[in-house]
Amino acid sequence: GSENYLGDLMTVLIALSLILSYFSNTLSYLLSTTGDIKFPSNAVFFESMIKLALLYLLLKFLGVYGLPIAIAATSGIFIALYIWRWNRHLKLGSQQKRIIFKTTLKILLALIVATITLYKIIDAIIIHGFLEFFLFGALVCITLVVTTVLFNARIKSFFTRKISLFKTYA
């Protein structure tokens, strides 16, 4: 109920930690698909250990607000590590790096806009239960992914060109 609500800041921190954790896990799995299995496996183990230690420390010093901060910080660091390893393993050129960066930035901005829009819509209408909220969020996410992939020519061409790259290294 409302007595357990920790505020908008906590909601934003939880959302940020979930998004960064999702990207960290996805990049780890994608790195494994290129044939580099040992590095991501070890990195996931160390990420978990560091995350647990940081969760304990930040919970002790910042309280409950430290939990999503610990997850977001650890995931952000390991996202950078996975991208570095991806670049080193696949030896991407500068044009490919720019395409990946621009695509990632566009998707991140689209997620931010979708989150703000979703918040404003939910604030304007009353959603009575978790299931309604979940279905509404799922609909927004599906719409975002479909429109991003189908209507952005660079993303579509990037994914179609990279499929043969995965087959070469897998």
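The figures here come from the full heavy-atom set of this structure, side chains too, leaving out hydrogens, waters and symmetry mates.
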Trainee: Are V64 and L13 linked, directly or through intermediate hydrophobic residues, by side-chain heavy-atom contacts shorter than 4.5 Å (ILVMFWY only)?
Mentor: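 Cluster IDs for L13 and V64 match.
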Trainee: When you measure from the side chain of S17 to the backbone N and O of I14, does any donor-acceptor pair fall under 3.5 Å?
Mentor: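 Yes, the answer is positive, given that a donor and an acceptor are paired below the 3.5 Å cut-off.
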Trainee: Rounded to the nearest 0.5 Å, how far does CD1 of I79 lie from OG of S28?
Mentor: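 Between S28 OG and I79 CD1, I get 11.0 Å after rounding to 0.5 Å.
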Trainee: Do L18 and L67 sit in one hydrophobic cluster, given that two such residues count as connected whenever their side-chain heavy atoms are within less than 4.5 Å of each other, even indirectly?
Mentor: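 In one cluster with L18: L67, yes.
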Trainee: Distance-only, no hydrogens or angles: does the S48 side chain make a donor-acceptor pair with backbone N or O of V44 under 3.5 Å?
Mentor: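 Flag set: sc S48 to bb V44 pair under 3.5 Å.
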Trainee: How close do S21 and S75 get, counting heavy atoms only, and between which atoms?
Mentor: CA-OG, 3.4 Å
Trainee: Is any side-chain heavy atom of F39 closer than 4.5 Å to one of L81?
Mentor: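 L81 reaches F39 side chain to side chain.
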Trainee: Treating Ile, Leu, Val, Met, Phe, Trp and Tyr as nodes and any side-chain heavy-atom pair under 4.5 angstrom as an edge, say whether Y56 and L62 lie in one connected cluster.
Mentor: no
Trainee: If you look at every heavy atom in L20 and A72, which pair is closest and at what distance?
Mentor: CD1-O, 3.5 Å
Trainee: Among T26, L30, L31, N25, which residue satisfies the side-chain contact (heavy atoms from CB on, under 4.5 Å) criterion with Y82?
Mentor: L31
Trainee: Per the side-chain contact (heavy atoms from CB on, under 4.5 Å) rule, which among I71, T74, I69 passes with L54?
Mentor: T74
Trainee: Hydrophobic clusters here meaning ILVMFWY residues chained together by side-chain heavy-atom distances under 4.5 Å, can you tell me if I19 and Y22 are in one?
Mentor: yes
Trainee: May I ask whether W84 and F78 are part of the same hydrophobic cluster, defined by side-chain heavy atoms of I, L, V, M, F, W, Y residues being less than 4.5 angstrom apart, directly or through others?
Mentor: yes
